[in-house]
Amino acid sequence: QEAGGRLDIVVQPEPPGLMLGMVQNGPTQLVAGDIYEGLLRYNTDLEPMPGLAESWEISDDGLTYTFKLHEGVKWHDGEDFTADDVVFSAGTFLPETHARLRASLAYVESVTALDDLTVEFKLKEPFGPFISVFEAATMPMIPQHIYEGTDYATNEMNATPIGTGPFKFEEWVKGSYIHLVKNEDYYVDGLPYLDEVYYRVIPDAASRAVAFETGEVDVLPGGSVENWDIPRLTEMEGVCSTSEGWEFFAPHAWMWLNNREGPTSDVRFRQAIMYAMDREFMKDVVWNGFGTVATGPVSSKTNFYSDDVTMYDHDPEKAKALLEEMGYDGEPVTILPLPYGETWQRWAEAVRQNLSEVGIEVEIDSADVAGWNEKTSQWDYDIAFTYLYQYGDPALGVSRNYTADRIKKGSPWNNVEGYDNPELDEKWFKAATLVDTDERQALYDEIQKEIVDDVPVAWMLELDFPTIYRCNVHDLVTTGIGVNDGPRNAWIEK
Amino acid sequence: MSTTLSIEHLTIGLPEGADRPFAVEDVSMAIEKGEILCVVGESGSGKSMTANALMGLLPPGVTVKAGRAMFEARDVLRLPETEKMALRGAEIAMIFQEPMTALNPLMRIGDQIAEVFAAHDRFTQAERREKALDLIREVQLPDPEKIIRAYPFQLSGGQRQRAMIAMALALEPKLLIADEPTTALDVTTQAQILKLILDLREKRGMAVMFITHDFGVVAEIADQVIVMREGRVVERGSAEAVLKAPQHDYTKRLLDAIPTGTLPERRVLSETPALEIKGLRKIYRTGGGFFREAREVRAVDDVSLTVARGEVLGLVGESGSGKSTLGRTAVRLVTPDGGQVLVGGTDLAALSDEELRKQRHKVQMIFQDPYASLNPRQRIIGAITDGPITRGVPRKEAEARARELLEIVGLGADAATRFPHEFSGGQRQRIGIARALAMDPELIIADEAVSALDVSIQAQVLDLLRELRQKMELSILFITHDLRVAAQLCDRIAVMQKGKLVEIGTVHDIFLDPQQEYTRKLLAAVPGADWDSQRAATA
Amino acid sequence: MTIFTTILSRLVKAVMTLLAIAVLNFCLLHAAPGDPAVVLAGEAGAADEQMIEQLRERFGLDQPLYVQLAKYVGGIVQLDLGYSFRQGAPVIDLIAERLPATLILTLTAFGISLVCGIALGVAAAARVGKPSDSALTTLALLFYATPLYWAALMAVLVFSVWLGWLPGFGYETVGANYTGFERVLDILAHLILPALTLGLFFMAVYMRMTRASMLEVSTADFVKTAKAKGLSGPVIRRRHILRNAILPVVTLAGLQAGQLVGGAVLTETVFAWPGIGRLMFESLAARDYNTILGVFLVSAAMVILFNIVTDIVYRIVDPRIGARA
Amino acid sequence: MWKRFRSNLGAMVGVVLLLAVILIAIFAPLLFSHDPWQMVQRPFLAPFSTDGLPLGTDTLGRDVAAQLAYGARVSLLVGLVSTLVALLIGVPLGALAGFYGGYVDEGAMRFTEFFQTIPNFALAIVLVAIFEPTLASITLAIAIVSWPPVARLVRAEVMSVRKREFVDAATLAGLSKPHILVRQVLPNTVSPIIVMASLMVATAILLESSLSFLGLGDPNTMSWGYMIGAARTVIRSAWWLSFFPGIAIVITVLALNLIGEGLNDALNPHLSRKGKA
Ligand SMILES: Nc1ncnc2c1ncn2[C@@H]1O[C@H](COP(=O)(O)OP(=O)(O)OP(=O)(O)O)[C@@H](O)[C@H]1O
Ligand SMILES: Nc1ncnc2c1ncn2[C@@H]1O[C@H](COP(=O)(O)OP(=O)(O)OP(=O)(O)O)[C@@H](O)[C@H]1O
Ligand SMILES: [Mg+2]
Ligand SMILES: [Mg+2]
Ligand code: NI
């Protein structure tokens, strides 16, 4: 390991803010993952590792979680990090600002500081995946001394975030770059190795590729260049790439099929769609071979995956037969692609082509990010692309898309398709509250088998976002969240 | 005397598609030192081309085909461009017809004069300024210190023409070419400029080639005369000889066409007024806006007059005296600020827009510019029948009448389906007259209706008007700046100055016994007045 | 009427125009589908009703539209452009941060296009009818006909990737911390490609105008007068034709400033130039109303400024106007 | 006039090029048996390498030549229709302003200025984003940002024609003002409008392609801008995907401009003497 050096990482799009407790989108997680920390970190097998918590214990009934905090941790402004900060974060701040965590915190009865370095979480009922919620973005630690008693949203310190992480916020030139510098007082000896990290904002995908080629940037996090460019870039001298570092998120792409109305409300139609699509082709051509065809709601990279389900291979004849059987009258449907770049557009076009081959007339709807959010959250679509993170556990990242209690107009991150299956709902809830892993696995096997036949959504791909970097950068991707907390351990070989 | 310039067998070719192959053909002429040679002829006869050829300023596509022009033993037509440049301004200078546009609008007068010196590398900066001042004084521009710093837009037309002359004289050229330098000016200013040129010739002894189409001007200043027609010289000789005893038919016709100073016989006028104007006022306010101050021009200031049925009333006065405004107010193209206009007893000013449109036909107008007054994209028949059809005359009837009128004004009925650009200026003016007549008006306002026309055509149109007055019992308000024309046609004449009516009376009264100083000045300024009265006497 | 009062009256009009723009844009943007609260919640990666409600309340989106409008216009009158929902900062700060980059880009491009355009226009007009005139004109037309973004992509490819002469994007060398003259050079190097691509497009426009204007003026009578004085061709072109021909070009150039600022959106995107064009485009996708409105107002103000400046130039060059009233 | 136009080499080249583009657009379905969205072969086939696919295939294996031909339809359609709409807005507004003057003029010009003050490409982006990118909304947005110069031109022309004496003559003939405006004045302003319109079509094509490039194109229609926008991410590995549509745009816009210049020379003959043309 060698100390020193500077790393330039592309961030795309420019994050709206860096206060991780309040802003949760991808780019924010990427940058703020170096500034803020959670109690735990997770390796690529999604097993917990020490973070701000040195060690932890879970009671046998699965109701009490006790964390022993690292000694001598300081906030970037020099204040001590203590158990009170944890209590403030998990008990006061995040329940108010962090929508995704809120669902998990609902299981929490109390958070208490047993002493300066010990925190205890008590749950109301067992919650299987609870040990997975302590990642930096999911439950970031928020400095109590800065936020307590203030209006969180307008607190001026949001612009200059204070965390405990290996890098400190230095400067943000809007539209250009975010500059982080080494936290000299970091509590792990010798870390970080890097002196500084620049997150570079380059809005055009082609320009980003150029920036990497010309040596302007060293790291292209997953998804920052279009798939077609990846082989060209990775074939360059001294360039490495890895698909690791996304396990925690395991981005899973599917198309929401509107279960409420139109042809898509007929299960046969939905099955026909699955058979009509040549997803292998899409993977190979649209995604340039990156990714894995999804078999069901749970990603094969996540725990509790099961492949004992109906497989929908490309079979146009079967699709036509199903359409015939339901008496499809040729009513056209619209597809709403994700407004996240050319790949997604091409994908929608490929789907349209496949569907038209079995006699389904498709029009591509178009919308920018705002329009997409509006249309999906208002259920104003027939078929809509999306991809969601799994967060390491079906109870955290999967069930939210299929249980009836998550049918809520106004948010694009829940059961948007309107799938309502009370029997399955029971099983989802049960699975979440079991502590025993085997029991959970059995239940999830059942769920997957059943739901795949219903096709509430058309599962497409387990996305693969390779990280491209120069080979002289080492130890960049070591955890399940990859580059998000990569600079902590990364070092540059001179 | 020595010959300054001698042109020998000059032929100038026009580009393909022009109305004739040569602008001028086999033209020869000579100008002696200190002599004024007038080149006369109708529009398009090649006068300007001859002059431009001498200066090397022929438009693109127009080339000298043959002949030479000897100036100080050099053929100026064939000099290399650099030598031509050295010649221009220094040895041969030129002034143009349009004083309004001939000066660079963005440059001070003084600089424009000094530029002549700079172009020929004479004098130092300071001297140039001095010289410019001298020149400005010499052409009698007022307040030279101020003028030298003025921009062209701050000068009147006459002043600009003087500035042009100053530039032309700057390097004491041996030859001055003046291409219709006074055509755009009103009579009084014209008289001043002519006098200036005569004076300067006297003082400097330079030769002058003076282009004009006005025989009055010729009579005033010419020593020698060349008459051109369709690119050829048809007559040449001393001014005396040509004016008194023209040899060529064309010259005779030109001279005959010039209105003589002979006054028409008095006619008995009807008692019923066709047009009554009472205390008419029109003030133009220009500018004005958020922060600007408005500027006022009293274009018509408390004018009262009447035109009787069948009468022709001439309205004369300097440029800007308000003649047009008065005429346009009478037809309600301009809304007056005060006073009354009664046409056949109806007060046009009191009518609503709608009623006004119905009464419009009673007064019609013949416009000055025969080119601008016809819609280039409308057939003649349309232009004439638009009005009657709007009034409710059935289309068939209107068209029949239109053809009839075209015959009356001397154009074949087949003219109806053609477009304006297929007619000459004089023909267009006739169409304008036919259009006015088609409305069965009681009164016609003719605003400089013949000013833009060549003399011979002018005569035809005047004849036509006279005939119509006779036949149709028309009243005409005849606006002109040409007193000679007014004298020919009118029963009475009204004289305007700065918006006010200064004098009104019968033709005989005004011409023979003018009451006002201003009227006398106007009469005196008519070029060739002496010659005119001689002609009148001999006629 | 003095230059002073002219500017004053222009400013009064400008303020009224800007207010009208504010109102119209406000209505326009709010007519768009897409709720900023939903977008914001969406960006959070997870959203529930509670969060969306919170956001709506925080940004006053729960109030009737007219109240929002009144508040907004009220703010503008006090030079307050409001608060960016998305970036959690006052819009005026966001814009102030980005404006210099846009100004540098557009002004340089404007300068390049005007100077080159006029120079080429004069050159072409002097050779009218000759093959070199056609060559110049066609060349300029080619610049005009080439889509801006395409030219930009090609330029990056050639000069930055293949030849490695110039930086292909960005505003300065990040992290180099140059100061003084070095910094100026650094920015200049980054500026060349974007300013050229943007400038060359408009150069064609100005060149065409200049050429036409020169030809028009060269038929004027005073040009003949100048020739008759014995002035040489180049002197006439410079002193007489050009000065008169340039006036309409300058005015039109001022009117075109709006297009220039608009064109900057594309250029800024391809070249990662951190200007307000990109800010606008990115804010649009997030329905960050206040920011979009702010950018519109600022760029409209810029255009008005351009216009006033060209107007003043016109007045200085043309003596007729100032004195006419 | 036609004679003068014909003798202008540049203009004739423009006409030939434009005709070629138009013919290709019209006969696209005859030239290609498949529609431009159909995946017909392996992706990324280089041009001139495969029979039947002269210009190669795109990222999804679709025929680039077919896309180009169908794209011509959209580009031309958007260009023509948006210009037409812009004329429909600009001509009446400019005509009324120029003809009636006074408050009408003041109001109309304020309105026009207002639209000119907003950077027009930015406005187009916002409009398209708001109304969602469809062929209709894109066309409309382009029209909305391109009418102000028309209004200004027409106003200036009308103001100068209005001062000509034949307008006074028409007034004296008792014709109503609207009649005079429509029948006498406007016909005399057509030549500069035609010239401007030909250039506007070119600009509209560029605008459409720029919008497409930013991802604001109609996803259901194949256009040149779409092609470039889609291909820019592979500009390094498959240059032809952006090169051919780029050239197509350049050629079409160039052709229209050449025609515009030619018309300009033919319709405003400064060479001929005043009044005699
Ligand atoms: N630029 C030109 N191109 C072609 N033909 C021209 C041009 N200028 C003049 N002509 C033609 O040359 C001939 C002579 O024109 P010129 O200007 O010398 O007449 P002019 O006697 O000066 O007439 P005016 O009294 O109207 O000034 C006319 O037939 C005219 O049509
Ligand atoms: N539309 C107008 N706006 C402002 N001032 C005007 C307008 N028309 C005429 N004037 C001014 O009114 C005065 C009288 O103009 P008018 O045209 O009636 O003169 P005129 O006697 O017909 O002159 P000319 O012999 O030159 O035709 C002039 O000072 C002129 O500048
Ligand atoms: Mg002449
Ligand atoms: Mg008059
Ligand atoms: Ni013409």
Side-chain angles (χ1 to χ4, degrees), chain A residues 203-210 212-213 224-233 235-236 278 281-282 284-289 332 334-354 356-357 361-372 374-375 380, chain D residues 34-45 57-63 66-67 70 125-138 141 210-223 225-242 246:
Chain A
D204 184 62
S207 303
R208 289 195 287 275
V210 168
F212 185 75
E213 273 175 274
S224 47
V225 291
E226 299 282 348
N227 299 310
W228 298 288
D229 255 352
I230 294 176
R232 196 172 56 79
L233 294 174
E235 274 161 24
M236 282 168 50
D278 186 350
F281 170 86
M282 294 173 191
D284 288 338
V285 171
V286 178
W287 286 89
N288 212 33
T334 62
I335 291 190
L336 183 65
L338 254 186
Y340 285 175
E342 295 303 324
T343 304
W344 295 91
Q345 201 66 36
R346 290 303 88 69
W347 205 357
E349 288 162 10
V351 169
R352 172 174 62 183
Q353 204 56 36
N354 275 170
S356 72
E357 279 158 17
E361 199 189 312
V362 181
E363 231 180 71
I364 296 185
D365 203 357
S366 68
D368 56 7
V369 176
W372 182 89
E374 174 91 3
K375 283 184 179 185
D380 176 21
Chain D
H34 39 259
D35 84 293
W37 298 102
Q38 200 173 330
M39 304 170 224
V40 292
Q41 253 290 1
R42 271 189 305 123
F44 293 115
L45 284 176
T57 56
D58 77 347
T59 46
L60 290 187
R62 302 176 292 204
D63 183 356
Q67 295 185 337
Y70 280 88
I125 291 176
V126 170
L127 286 175
V128 171
I130 284 176
F131 297 117
E132 294 185 356
T134 62
L135 212 50
S137 74
I138 291 167
S210 299
L211 286 170
S212 264
F213 175 78
L214 286 178
L216 292 172
D218 181 341
N220 294 296
T221 53
M222 182 59 73
S223 82
Y226 162 87
M227 292 173 72
I228 296 181
R232 89 184 129 145
T233 49
V234 291
I235 195 164
R236 304 296 309 285
S237 39
W239 56 271
W240 64 91
L241 292 185
S242 39

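All chains are named by letter (A, B, ...) in the order of the sequence lines, taking the proteins before the strands, and each is independently numbered beginning at 1.
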| field | Euclidean distance, A:Asp368 CG relative to D:Ile125 CD1, rounded to 0.5 Å | value |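 The distance works out to 11.5 Å.
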
Interchain contact, [X] with chain D, by part (heavy-atom threshold 4.5 Å):
X: A:Ala350; result: both
X: A:Asp365; result: both
X: A:Glu363; result: both

| When heavy-atom pairs shorter than 4.5 Å are enumerated against chain D, which of A:Glu213, A:Gln345, A:Glu357 gives the highest number? | A:Glu213

| chain D: which of A:Glu226, A:Arg232, A:Arg208 shares the most heavy-atom pairs with it under 4.5 Å? |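 When all of A:Glu226, A:Arg232, A:Arg208 are compared, A:Arg232 has the most.
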
| query | Picking from D:Leu60, D:Thr134, D:Leu216, which has the most non-hydrogen pairs under 4.5 angstrom with chain A? | reply |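 If we count pairs closer than 4.5 Å to chain A, D:Leu60 comes out on top.
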
| task | Just give me the residue among D:Gly217, D:Ala238, D:Pro133 that pairs up with chain A most often, heavy atom to heavy atom, under 4.5 Å. | result | D:Pro133

| said: Taking the side chain as everything from C-beta on, heavy atoms only, tell me whether A:Phe281 gets closer than 4.5 Å to A:Val286. | reply: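 In short, these two side chains do not touch, never coming nearer than 4.5 Å.
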
| query | Any side-chain heavy atom of A:Leu233 within less than 4.5 Å of one from A:Phe212? | reply |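 Yes, their side chains come closer than 4.5 Å.
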
| task | With sequence neighbours left out, write down each residue that passes salt bridge (Lys or Arg N to Asp or Glu O under 4.0 Å) with D:Asp218, or none if nothing qualifies. | result | none

| said: If you take the centroid of each ring, where Trp contributes its six-membered ring, are A:Trp287 and A:Trp344 closer together than 6.0 Å? | reply: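 Centroid separation for A:Trp344 and A:Trp287: below 6.0 Å.
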
| message | Salt bridge or not between A:Arg346 and A:Glu349? Use side-chain N to carboxylate O under 4.0 Å. | response |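 Yes, A:Arg346 and A:Glu349 are salt-bridged.
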
